[in-house]
Amino acid sequence: MKPRIRVPANFGKEHINSPVHGNIKLKLKDGQEIKVNSIIMSLNSPVIDNLTSNLTQSTLEMDDFTNSAVDCFVESMYTGDVEKLEKLNFEDVNKMAHVFKVGWLSKKCVLFYKTDILKFENNSYREIEFACEIASRAHFHLKQKQFVSLFVKHVTFDLVSKNTFLQRYLAGFAKVPRRRIDTSLAVASKDLNIIGNCLTAYLSSNFECAKFDENVLHLLQKLDVGKFRQTYPSQFMELVNFLSEILEESESACDEVKSTITSFIKRRRTIAEKDTRNGTSEMELEDIEGLEDSVDFGYKNVQSQTAYVKSVWRQPPICQWEVIQPSPPIQSVQFFTLGEPELQKRIGLFFKFPADESPAPMKTLDRRFIMKCENNDSSAWSYYINGCTKAVFNSEFLYNVPRDKVKHWTVTKTFTHLNVTCNDVTVLNFNFATDHSTGFENSSQVWVGNCSSVLFWTTYAENLLLKSQVT
């Protein structure tokens, strides 16, 4: 049994490569080796502990990482410090901390990113791009969302400099990785006119629909047009009209291109017309075939919209767990929130598996997803997932929740994921196996599987309508 020692701790870096204590060999890229002690490495890393203790490995291949990063990683395990961490080896060290599940080192990497990588000497494009790419790759490859959040929060742009940065960042649009597109949307935030302008400029040079590439289709699918329409209505309509023109002019468009553009225009498009009698702008909802429960979430007349929803849906009881039946393998619960007051309101879902036969489900495996509105103005909603994250609010947040008054929510649990959409925008796509917080490594054992029932709970006394049948 390993001694109970709290890490990080200083075991003395002079013991690295010890001929006596070094019972594990780390094989580097160029054939070099570092001898390390299995107990010291295992105390820091449960992954290495499993490899050495249970799988009895005495050699670990480290050729996926630079020698500098491995050197820094090993010294950190022995000293509890990150003296050798620097900008050039940061990504590999952070990746090693993630792969080998060294929680304290991951936290040190987040701090280093904030204090050193986001500290720009000349505020040049190259410095900012370097920091942005680190965040983008960490999000895409390691599912680490915090670096993009830190970048967006701490890098201060005015509208002109943000526009300049994103135009350069998306240059050569056809060949940029998709993760750059996703990161650009996060950096643009509410200034989606910048993304719209970049897209229009690119399409202008590839006017024929047949020349649409995968990046254009990806952006059209990911763009939060509800927010775009609300914040920059004229630029939004310019893009919609431009796409309509492309669709009409092209006779050779492939089915995927036609489907994507048609969906973008039909499902999202509204036509703004001036009402000369009252001087107000009225939005006209287009007919969408096959979407029986569809509502135009940009519709200005919230009263009319609310009346429509109430004719199909019902108000659930306040602060009571109500059982609704799902249809495996996908369990989706749909509900509407109908405007103010939203602040501090909570909505919860409890997913019960067939094996949970106790009459008091909260005393068996606790599979609760709870969300709460933290700020009406910014539409900030925090959440927690029992067994996957800490059961506290204001720690994990839904991403890009639309600011529309009427919100159509769909919470879907598949065998492996929990997905939340709001007005057709994906605000959470949580992978139970990889997206859990530190300390919740067994989350997939709790959540992976199909449900026998779903329990719904809310603190809304009014202005929330639930669809009774789970699909």
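Only this structure's heavy atoms are used, side chains among them; waters, hydrogens and symmetry mates stay out.
- Applying the ring pair (Phe, Tyr, Trp, His ring centres under 6.0 Å) rule to Phe11 yields no partners; only residues at least two apart in sequence or on another chain are considered.
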Which atom pairs, one a donor and one an acceptor, fall under 3.5 Å between side chains of residues 86-95 and the rest of the protein, sequence neighbours left out?
{"residue": "Asn89", "atom": "OD1", "partner": "Glu86", "partner atom": "N", "Å": "3.0"}
{"residue": "Asn89", "atom": "ND2", "partner": "Ser68", "partner atom": "OG", "Å": "3.1"}
{"residue": "Asn89", "atom": "ND2", "partner": "Lys84", "partner atom": "O", "Å": "3.0"}
{"residue": "Glu91", "atom": "OE1", "partner": "Arg137", "partner atom": "NE", "Å": "2.8"}
{"residue": "Glu91", "atom": "OE2", "partner": "Arg137", "partner atom": "NE", "Å": "3.4"}
{"residue": "Glu91", "atom": "OE2", "partner": "Arg137", "partner atom": "NH2", "Å": "2.7"}
{"residue": "Asp92", "atom": "OD2", "partner": "Thr66", "partner atom": "N", "Å": "2.9"}
{"residue": "Asn94", "atom": "ND2", "partner": "Gln144", "partner atom": "OE1", "Å": "2.8"}

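- You'll find the side chain of Phe440 reaches within 4.5 Å of the side chain of Lys390, heavy atoms only.
- If you check the side chains of Thr459 and Arg346, you find no donor sitting under 3.5 Å from an acceptor.
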**Asked** Please walk me through it: do Asn431 and His436 pass side chain to side chain donor-acceptor pair (under 3.5 Å)?
**Response** CA-CA 8 Å; Asn431 186 322; His436 55 75; over 6 Å; no
Enumerate donor-acceptor pairs with a distance under 3.5 Å from any side-chain N or O in residues 98-110 to protein atoms, sequence neighbours excluded.
{"residue": "Trp104", "atom": "NE1", "partner": "Asn44", "partner atom": "OD1", "Å": "2.9"}
{"residue": "Ser106", "atom": "OG", "partner": "Val102", "partner atom": "O", "Å": "3.4"}

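- Two residues are said to be in side-chain contact when any heavy atoms from C-beta on lie closer than 4.5 Å; Val74 and Ile16 meet this criterion.
- Under the 3.5 Å distance criterion, with hydrogens and angles disregarded, no donor-acceptor pair is assigned to the side chains of Thr52 and Gln57.
- Scored by the ring pair (Phe, Tyr, Trp, His ring centres under 6.0 Å) test, Phe65 finds no partners at all (sequence neighbours excluded).
- Side-chain N/O atoms of Asp182 and His218 include a donor and acceptor closer than 3.5 Å.
- One distance of note links CG of Leu142 with CG of Asp435; it measures 11.5 Å at 0.5 Å rounding.
- Annotation: side chain of Leu185 is in contact with side chain of Lys222 (closest heavy-atom distance under 4.5 Å).
- Between the Ser161 side chain and the Phe157 main chain, no donor and acceptor come within less than 3.5 Å of each other.
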Next item on the list: Check the pair Asp191, Lys162 against salt bridge (Lys or Arg N to Asp or Glu O under 4.0 Å), reporting the backbone distance first and the verdict last.
Entry: CA-CA 9 Å; Asp191 300 314; Lys162 183 186 287 188; 2.9 Å; yes
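- Residue Ser332 holds its OG atom at 7.0 Å from CD of Gln334, rounded to the nearest 0.5 Å.
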Checking side chain to side chain contact (heavy atoms under 4.5 Å, CB included) for the pair Phe350/Trp321: CA distance, chi angles, key distance, verdict?
CA-CA 8 Å; Phe350 178 80; Trp321 287 100; 3.5 Å; yes
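- Applying the ring pair (Phe, Tyr, Trp, His ring centres under 6.0 Å) test to Phe228 and every residue at least two apart in sequence or in another chain returns Phe236.
- Under the 30°/60° scheme for interplanar angles, the aromatic rings of His408 and Phe336 are found to lie parallel.
- For the pair Glu374/Phe397, a side-chain contact is recorded, criterion being any heavy-atom separation below 4.5 Å from C-beta on.
- Between Val155 and Leu118 the shortest side-chain heavy-atom distance falls below 4.5 Å.
- Tyr78 is linked by a ring pair (Phe, Tyr, Trp, His ring centres under 6.0 Å) to nothing, counting only residues two or more places apart in sequence or in another chain.
- Across all their heavy atoms, Asn400 and Val427 have their closest contact at O-CG1, 3.9 Å.
- Put simply, the side chain of Asp213 reaches to within 4.5 Å of the side chain of Tyr202, judged on heavy atoms.
- Residues Thr421 and Trp409 have side chains that never bring a donor and an acceptor to within less than 3.5 angstrom of each other.
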